[in-house]
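Since the structure comes first, as structure tokens, the remarks are kept for the end.
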Amino acid sequence: YKKIQGWFGSRELYRAVVREFESGSRFVEIGAWKGQSTAFMTVEIINSGKQIEFNVVDTWKGSTDHHDVESPSFDPYLAEHGNLFPLFKENLSPVWKHINAIQNTSVEAAKLFEDESLDFVYVDGAHDYESVKEDIEAWYPKVGPNGMIAGDDYGWSGVEQAVKEALGENFMVEANNNWIHSRKKDFSYD
């Protein structure tokens, strides 16, 4: 077992989503960093025994803060290699065959999916207002009639503003600051 560096407060949501959706479902995670949340979701899917397609979208290039040696977010690996994808792949090597990694921007990757073809989309890319709004606008049409779109860090002002503008009042916020919009009427988070 290897501890993967990252930030991940969506364990209960990920567990609930795997529990709620059936084999044949299609999931997308936007923003993977070094793979902590991806590893968790992949293991949940494997342990469920369900055949769930899991697509992971990231550029793996980080943000400008991750390259700035003066920033508290500076990442030495990223500064040296310019790309986190090799580290992501290494971190996920035990479960790699269960992941479809898409190295692209979120908006460009969304074009690879038909409208209403996905069951769960999790938005965890860049957290500025414009990026979150673009992510929701690009991915919302891809969510099927019984699907869900969700994301993290609702307490961040840019995230909060983008979610409110994109979804109106049609979402909930749970204890870990995940925002959730479910078209699935009987979704149970417990």
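Predicted model, so just to flag it, every value in this text is computed and none were measured. If you read the sequence from its start, that first residue is 1, and numbering goes on from there.
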If we ignore angles and hydrogens, is there a donor and acceptor under 3.5 Å between the side chains of N178 and E174? yes

Are the side chains of F171 and I180 in touch, meaning some heavy atoms are under 4.5 Å apart? no

Sequence neighbours excluded - salt bridge (Lys or Arg N to Asp or Glu O under 4.0 Å) pairs with any residue from residues 149-165: K133-E165, E160-K164

For F21 together with F120, are the ring centres under 6.0 Å from each other? no

Are W139 and F113 an aromatic pair, judged by ring center distance below 6.0 Å? yes

Assert yes or no for the condition that the ring centre distance of W60 to F88 is strictly below 6.0 Å. yes

Taking atom types as modelled and ignoring hydrogens, do the side chains of T38 and E29 form a donor-acceptor contact shorter than 3.5 angstrom? yes

With heavy-atom distances below 4.5 Å as the criterion, would you say the side chains of H181 and M172 are in contact? no

Close aromatic pair by centroid cut-off 6.0 Å: F27 and Y122: no

Report yes if the side chains of I102 and L112 come closer than 4.5 Å at any heavy-atom pair, otherwise no. yes

According to side-chain hydrogen bond (donor to acceptor under 3.5 Å, both in side chains), does anything in residues 40-50 pair up with another residue at least two apart or in another chain? List the pairs. none

A side-chain contact here means heavy atoms from C-beta on lying under 4.5 Å apart; do W179 and L167 qualify? yes

Side chains of T59 and Q103: any donor to acceptor distance under 3.5 Å? no

